[in-house]
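If you read the sequence from its start, that first residue is 1, and numbering goes on from there. Just so it is clear, the structure is predicted and the values come from calculations on it, not from any experiment.
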Amino acid sequence: PPAVAVPQHIPRPSYADDPQGRPRALLPEEFAERKSPEMIGNMRSACGLAAEALALACEVAKVGVTTDEVDRRTSEFVISRGAYPVGINYYGF
């Protein structure tokens with residue numbers, strides 16, 4: 001099945017539009033980057049969303065449900081929260 005379409009207003013990771021799905025190399029200032037309180041808050045929010053997405057995936061994953069369906073439902077949930085599902089086009093997947 002085709003990948004779930006991600007609306008253009010959702011911020012995209014560097015690999016999202018790369019033909020082979022490769023992330024860009026880190027910039028020197030991104031190595032061992034010191035996180036600001038705002039960045040830490042954003043990371044907490046992202047972790048909370050990831051926990052909710054995992055819980056949804058566990059609910060959906062039942063006998064007879066395909067992994068494609070689990071992936072689609074989880075991706076749609078993440079997109080509905082304004083985030084980019086990490087698996088779409090990462091190294092071409």
Considering non-hydrogen atoms only, spot the tightest contact between Val6 and Pro85 and give its length. CG2-CD, 4.0 Å
Each residue besides Phe77 in its hydrophobic cluster should be listed here, by chain and number; the cluster joins Ile, Leu, Val, Met, Phe, Trp and Tyr at side-chain heavy-atom distances under 4.5 Å. Leu49, Leu56, Val60, Val65, Val70, Val78
Got a sec, which pairs hit ring pair (Phe, Tyr, Trp, His ring centres under 6.0 Å) with one end in residues 10-54, sequence neighbours left out? Tyr15-Tyr90
Taking atom CD of Glu38 as the centre, does the number of heavy atoms from other residues, nucleotides or ligands within less than 6.0 Å exceed 12? no
Taking all non-hydrogen atoms of both residues into account, name the closest pair between Ala57 and Thr74 and its distance. CB-OG1, 3.5 Å
Residues forming a side chain to side chain donor-acceptor pair (under 3.5 Å) with Asp68, sequence neighbours excluded: none
Can you sort out the partners of Glu30 under side chain to side chain donor-acceptor pair (under 3.5 Å), two or more places apart, ordered by chain and number? Arg24
What's the separation between atom CG in Leu26 and atom OG in Ser14, rounded to the nearest 0.5 Å? 8.5 Å
Please give me the minimum heavy-atom distance between Lys62 and Cys58, naming the atom from each residue. NZ-O, 4.1 Å
Do you know the tightest heavy-atom contact between Arg81 and Glu52? NH1-OE1, 2.6 Å
Which pairs with one or both residues in residues 32-69 pass ring pair (Phe, Tyr, Trp, His ring centres under 6.0 Å), sequence neighbours excluded? none
Would you name the heavy atoms of Gly82 and Pro11 that are closest together and state the gap between them? O-CD, 4.2 Å
Would you mind reporting whether Val86 and Pro13 have side-chain heavy atoms less than 4.5 Å apart? no
Test side chain to side chain donor-acceptor pair (under 3.5 Å) applied to Glu76 - qualifying residues, sequence neighbours left out: Arg72
